[in-house]
Amino acid sequence: MADLVSKGLTTCEGCGMELIARSILDVLGQNTIMLTPPSCSAILTGFGSETGWKVPAFQSNLENIAAYCSGISVALEHQNKTDINVVALAGDGGTVDIGLQALSGAVERGHKFIYVCYDNEAYMNTGIQRSGSTPVGAWTTTTPGGKKEPKKNIVEMLLAQGIPYVATASVGYIDDFKKKVAKAREIDGPAYIHTFSPCPPGWRAKPRDTIKIAKLAVDTNLFPLFEAIDGEVRVTRKVRKVASIKEYLELQGRFRNIRDEEVESLATDAENYYNKLLESEAK
Amino acid sequence: MARVLMKGNEALSEAAIRAGLQAFYGYPITPQNEVPGYMAEHLPLRGGVYLQAESEVAAINMVYGAAGAGARVMTSSSSPGISLKQEGISYIAAAQLPCVIVNVVRSGPGLGGIQPSQGDYFQAVKGGGHGDYRLIVLAPGNVQEMADLTTLAFDLADKWRNPVMILSDGILGQMMEPVEFAEDQKPAKVEKPWATTGAQGRKPNVVNTLDIIAEQAEKNLGRLLEKYERIKEEEVRWQEANAEDADVILVGYGTSARVARSAMELARKEGLKVGLFRPITLFPFPEKQLQALAKPDRSFVTVEMSAGQLIEDVRLAVNGMSPVYLSNRLGGMVPTPEDVLSKIRDILEGRGKA
């Protein structure tokens with residue numbers, strides 16, 4: 001298959017987002033319009049006359065990428081070009097914080113588009129500021145003592161809104177991600193994939209540990225992999241033996257000062273949420 | 001306190017905390033991230049509240065709420081983020097709430113770039129949001145002024161019950177210079193009988209900008225405009241150098257004023273009679289002070305990192321008495337003193353186009 005993302009992009013060593021971008025176009029192919037907000041993924045859309053995409057693309061503003069998708073989707077429909085994939089690739093800040101209103105509106109109206117959030121759990125492009133998606137205990141430049149509040153669960157919000165397809169995914173299990181992108185394409189409406197994406201500089205982690213950390217997040221139940229078609233939940237990766245949260249945290253300098261009770265709350269929340277998912281699956 | 005070496009954005013933040021800042025509402029955007037970073041680290045330890053909002057829109061409206069409740073408050077952002085805040089700024093101006101808004105300007109329009117620019121001049125001094133309102137706009141020209149004008153900004157905001165904007169840029173924000181803070185600075189105690197601090201023993205205060213009865217709205221707006229006129233009378237600040245004998249007066253603020261000063265020094269070395277006029281308040285603009293310098297055999301050159309924005313106010317001030325020229329760079333480029341000097345030579349040798 002032709003590579004639809006240029007080689008030699010200036011993403012950081014060990015960047016999860018770049019792998020996500022390449023994987024999206026591996027699945028969807030040329031008949032795709034890509035969108036990025038101001039974020040690390042904006043590198044792919046490029047600047048001046050240069051772009052990293054070999055497909056059409058838009059650079060949006062930070063708060064409205066889903067509104068751009070709404071506009072594009074409706075315009076394509078009007079031109080009977082319904083076979084074109086419209087794909088947003090936005091970070092967690094641009095999605096769960098400032099982009100939430102536009103995303104919720106687009107989902108409510110039911111536009112056909114795929115929204116891939118690469119969740120690296122903070123605003124990384126601006127120099128590591130906390131986002132609604134930053135977990136408890138994580139250091140950022142605006143949570144110098146570690147974040148106190150738990151991570152916002154946008155997937156549950158979208159489920160509550162009745163989105164036809166929603167999934168979590170991880171760069172640690174890229175085949176699973178690709179399957180989900182393929183499913184999202186078949187949905188006649190909005191599809192959302194929340195994708196866990198380690199950021200070595202922002203997480204104070206080694207670039208070579210990106211995949212290891214991403215796998216551990218799943219295997220500790222901190223980031224369970226599942227999907228929901230029309231609200232029907234299915235856990236796509238069952239965790240037989242829960243991995244050590246301690247090992248996961250120790251690979252990342254951002255958790256260096258995490259307190260014991262915070263580690264405990266992460267573990268308890270993870271276990272409870274995973275069990276809840278299994279229960280909804282059984283129903 | 002002895003002189004310390006600080007980045008402009010840090011000096012500004014430290015000055016705000018010393019001025020009695022009670023709450024800071026931030027959101028990430030380059031190149032202002034040192035401000036929320038400094039606040040997150042220092043403000044909570046010194047009795048204040050640091051809060052990161054979910055958007056610039058949320059941050060400015062948190063400022064509205066906190067200012068209405070009587071606190072000394074501040075937010076900072078950079079150009080696209082300041083654009084997002086404009087509705088909130090208009091509401092704050094209408095509600096006459098004191099607060100400080102910092103714009104570390106980057107290049108636009110659109111997503112633009114993260115390099116320094118002065119492209120938000122019109123937005124800052126002419127309104128920016130909807131309706132007839134004005135901000136007090138301060139333009140620091142060095143790191144010491146990033147601190148001093150921040151202190152002043154809080155005092156002016158309270159004095160006039162008006163939002164004050166500090167118009168900075170990525171160079172002033174990121175550059176390091178020595179800065180000195182006053183030893184015994186105590187934040188002014190300001191009575192705010194209009195604030196929503198409870199209603200024991202008095203009528204409840206209501207913070208509202210809805211004004212749908214035209215006759216009443218016109219009267220209220222009249223009071224606001226009257227306030228702006230008094231601000232114009234009392235608060236103009238500027239600096240001039242070598243203006244008396246100058247054939248050419250360079251006009252610039254902030255970073256471009258630094259370039260203009262160097263250009264003036266180069267020109268004087270060559271025996272060219274060049275002066276400098278630096279507005280420190282952009283609103284109120286030092287209109288009368290510029291007007292007083294205008295005469296037919298003298299030229300003005302605005303030195304800008306914008307496409308000819310400051311020049312409009314200079315032209316209005318000199319009102320046809322002197323030709324006004326533009327020397328500028330755009331898109332994040334910074335003019336060099338040599339660029340400006342060559343413009344000066346062109347003018348003096350009759351090749352300039354006003």
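The sequence lines fix the lettering, A, B, ..., with proteins before strands; numbering per chain opens at 1.
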Should we say atom [atom1] of [X] is surrounded by more than 12 heavy atoms from elsewhere, each under 6.0 Å from it?
| X | atom1 | value |
| --- | --- | --- |
| B/F122 | CZ | yes |
| A/K152 | NZ | yes |
| A/Y273 | OH | yes |
| A/E261 | CD | yes |
| A/R256 | CZ | no |
| B/Y91 | OH | no |
| B/I114 | CD1 | no |
| B/M333 | CE | no |

Which of B/P36, B/A40, B/G81 touches chain A most, by non-hydrogen pairs under 4.5 Å: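 That would be B/A40.
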
Which atoms of A/E63 approach chain B - backbone, side chain, both or neither, heavy atom under 4.5 Å: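 The answer is the side chain of A/E63.
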
By a 4.5 Å heavy-atom criterion (distance strictly below it), what part of [X] contacts chain A: side chain, backbone, both, or neither?
| X | value |
| --- | --- |
| B/L84 | side chain |
| B/Y38 | neither |
| B/P80 | neither |

Any chance you could lay out the side chain to side chain contact (heavy atoms under 4.5 Å, CB included) test for B/E56 and A/I98, step after step, and finish with the verdict? CA-CA 8 Å; B/E56 285 94 346; A/I98 195 168; 3.3 Å; yes

Is a donor on one side and an acceptor on the other found under 3.5 Å between the side chain of B/Q52 and the backbone of A/T142?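 Absent.
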
Side-chain heavy-atom pair A/L62, B/Y27 within 4.5 angstrom cut-off: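 Yes, side chains in contact.
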
Which heavy atom of B/E41 sits nearest a heavy atom of A/P144, and at what distance?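 Scanning both residues completely, I find the closest heavy atoms to be CA-CG, 4.0 Å.
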
Least distance between heavy atoms, A/T126 atom then B/T30 atom: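 Residues A/T126 and B/T30, closest heavy atoms: CG2-OG1, 3.6 Å.
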
Please report the interatomic distance CG(B/L111) to OG1(A/T45), rounded to the nearest 0.5 Å.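 Nearest 0.5 Å value for the CG-OG1 distance: 10.0 Å.
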
Heavy-atom pairs under 4.5 Å with chain B - which of A/P38, A/S60, A/G127 has more of them than the others?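 The answer is A/P38.
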
